[in-house]
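What follows is a set of notes on a single structure, which appears directly below.
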Amino acid sequence: MGWVTVSTKVRRDVVEKARKYDINISQVLRKALEKEVEKRELEELSQLAARVAEGLGKASVELGEDYAARSVREDREGR
């Protein structure tokens with residue numbers, strides 16, 4: 001994994017206060033960005049899971065009980 005330099009503009013007074021309190025600006029920004037990316041990834045996975053669940057629900061309705069019973073019967077009969 002490599003590193004990339006990212007820059008942003010921040011109000012001067014905020015930077016001065018951060019320095020006053022010995023805040024590691026790079027570390028804070030890096031953690032905030034990582035947290036936001038993780039949040040978005042989880043949202044995306046949640047949406048994907050919902051779509052998959054919806055698709056499985058439709059599939060089970062389309063197959064219906066007749067399909068399951070027919071499949072079991074065919075397996076028992078050795079088809």
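Side chains are part of it too, since the values below use all heavy atoms of this structure and drop only hydrogens, waters and symmetry mates. No experiment lies behind these values; they were computed from the predicted model shown.
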E36 and R40 ion-paired at < 4.0 Å = yes

Going from CZ on R19 to NZ on K17, what distance comes out if it is rounded to the nearest 0.5 angstrom?
-> 14.5 Å

Are V28 and Y21 joined in one hydrophobic group, where the rule is that I, L, V, M, F, W and Y side chains link up if heavy atoms are under 4.5 Å apart?
-> yes

Spell out, yes or no, whether L33 and L29 are grouped together once hydrophobic residues are joined by side-chain heavy atoms under 4.5 Å, including indirect joins.
-> no

Is any side-chain heavy atom of L48 less than 4.5 Å from a side-chain heavy atom of R51?
-> yes

E43, CD atom: more than 12 neighbouring heavy atoms under 6.0 Å | yes

Going hydrophobic residue to hydrophobic residue with side-chain gaps under 4.5 angstrom, can you get from V14 over to I25?
-> yes

Which distance, rounded to the nearest 0.5 Å, do you find between the NZ of K31 and the CD of E38?
-> 13.0 Å

